[in-house]
Protein chains: 2
Amino acid sequence: MPKIVDHDERRRELLSAAHRVIVRDGIDAATTRAIAKEAGYSNGVLAHYFADKDEILLSALRQSHRRIRERLARKVEGAGGLAALRELLLDNLPLDAERTQETRLEVSFWSRSLASERLAEVQRTEADELRAVVRGLLAEARAAGELRGDDSLDDVTEHLLALVDGLSLHLLLYPGRLRRVDLERIMLAQLDRL
Amino acid sequence: MPKIVDHDERRRELLSAAHRVIVRDGIDAATTRAIAKEAGYSNGVLAHYFADKDEILLSALRQSHRRIRERLARKVEGAGGLAALRELLLDNLPLDAERTQETRLEVSFWSRSLASERLAEVQRTEADELRAVVRGLLAEARAAGELRGDDSLDDVTEHLLALVDGLSLHLLLYPGRLRRVDLERIMLAQLDRL
């Protein structure tokens with residue numbers, strides 16, 4: 001009797017394998033061959049699911065973003081304005097093992113996106129979504145009278161998002177210089193000033 | 001008569017070629033073969049000057065940092081405290097073509113450093129220098145009464161440096177969303193709050 005293959009399940013397995021290889025060995029090492037090996041399949045199987053390396057990498061990035069969004073939706077359920085923004089920004093920092101892996105995946109994509117318009121386009125779409133959410137929560141906070149200052153909300157949005165990526169990067173690159181508790185304090189101090 | 005080779009000059013040529021290849025094609029594409037071709041030399045010549053790809057990349061990074069330091073030293077000559085800090089932070093943003101190339105080089109190194117302890121170590125040493133300079137200028141500014149707030153200078157330093165890298169990255173990744181003038185305004189607004 002032929003074995004029945006659950007294609008969605010196998011696709012998820014392959015993406016999880018890609019995620020593990022990128023985070024552990026770097027994006028350069030994440031060849032289709034290495035990903036197939038990690039998942040315990042042949043190169044041929046991989047080719048059934050993904051056209052090329054970039055397609056696997058993009059799918060891994062999207063899968064990671066989907067997981068982040070689902071986790072965040074649970075965290076901010078019922079909250080809005082500044083309280084939800086606070087959760088969102090902290091959730092985007094590498095404050096535990098899971099989010100450290102997510103951040104490593106993001107950083108790996110940054111440099112590759114600079115050399116590939118296809119990756120860059122996906123990065124931009126995903127980043128635009130995050131920006132719209134942050135901008136929306138800031139508008140809610142202002143409408144609710146939660147903000148003291150009258151700074152441009154566009155500028156505040158860009159400032160906070162740049163800070164998230166800069167701090168995340170620095171924790172990964174300079175672990176002896178910054179600790180998770182420093183990141184959290186520096187981020188929250190910026191929210192307190194709004 | 002045998003040709004006399006100026007080794008320092010040739011080394012500089014090879015590093016400039018490496019810089020061009022990384023910025024144009026990405027760090028993945030910067031193989032020893034591609035760099036030798038860009039410089040117009042054989043692979044054999046390259047091997048005389050550098051042990052491996054990482055050594056070339058590290059040398060290119062150090063050369064870029066040296067150029068940045070020299071340029072900055074000219075810009076801040078005679079200045080100190082907040083005025084010098086302002087120059088330093090703006091000089092580290094990709095506000096013209098030259099600094100955009102420098103930023104591309106930096107971003108290319110970030111993800112590679114996460115996978116290579118040797119690269120990471122150099123990154124850390126270079127970053128520590130920059131942090132010490134920023135921290136020193138903030139202390140000067142405070143001593144001169146130029147700062148209104150009493151924030152921890154360590155936290156201010158980390159905040160400003162994270163912002164520099166985050167904003168620089170976002171300008172490169174999201175050129176349709178941020179302009180150079182936005183970066184400058186957002187950065188200077190943070191200095192004005194100190």
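Computed from a prediction, not measured in an experiment: that's the story for all the values here. Residue numbers begin at 1 in each chain, while the letters A, B, ... track the order of the sequences. All heavy atoms count here, side chains included; hydrogens, waters and symmetry mates do not.
- Contacts between E106(B) and chain A at a heavy-atom distance below 4.5 Å are absent for every atom of the residue.
- Between E158(B) and R177(A), some side-chain heavy-atom pair lies under the 4.5 Å cut-off.
- Remark: E70(B) CD is packed, more than 12 non-hydrogen atoms of other residues, nucleotides or ligands lying under 6.0 Å away.
- Taking the ring centroids of H159(B) and H170(A), they lie at or beyond the 6.0 Å cut-off.
- Of the two parts of R24(B), neither the backbone nor the side chain holds a non-hydrogen atom closer than 4.5 Å to a non-hydrogen atom of chain A.
- A heavy-atom distance below 4.5 Å is found between the side chains of D151(B) and R193(A).
- Options R131(B), M187(B), R112(B) differ in how many heavy-atom pairs under 4.5 Å they form with chain A, and the most are formed by R131(B).
- Between chain B and the options V156(A), L172(A), V23(A), L163(A), heavy-atom pairs under 4.5 Å are most frequent for L163(A).
- Top candidate by heavy-atom pairs under 4.5 Å with chain A, chosen from L114(B), L178(B), D182(B), is L114(B).
- With a 4.5 Å cut-off on non-hydrogen atoms, D155(B) touches chain A through its backbone and its side chain both.
- For A120(B), no part lies near chain A; criterion is any non-hydrogen pair under 4.5 Å.
- Looking at L169(B), only its side chain comes within 4.5 Å of chain A, counting heavy atoms on both sides.
- From D154(A), atom CG reaches atom CD1 of I186(B) across 9.0 Å, with rounding to the nearest 0.5 Å.
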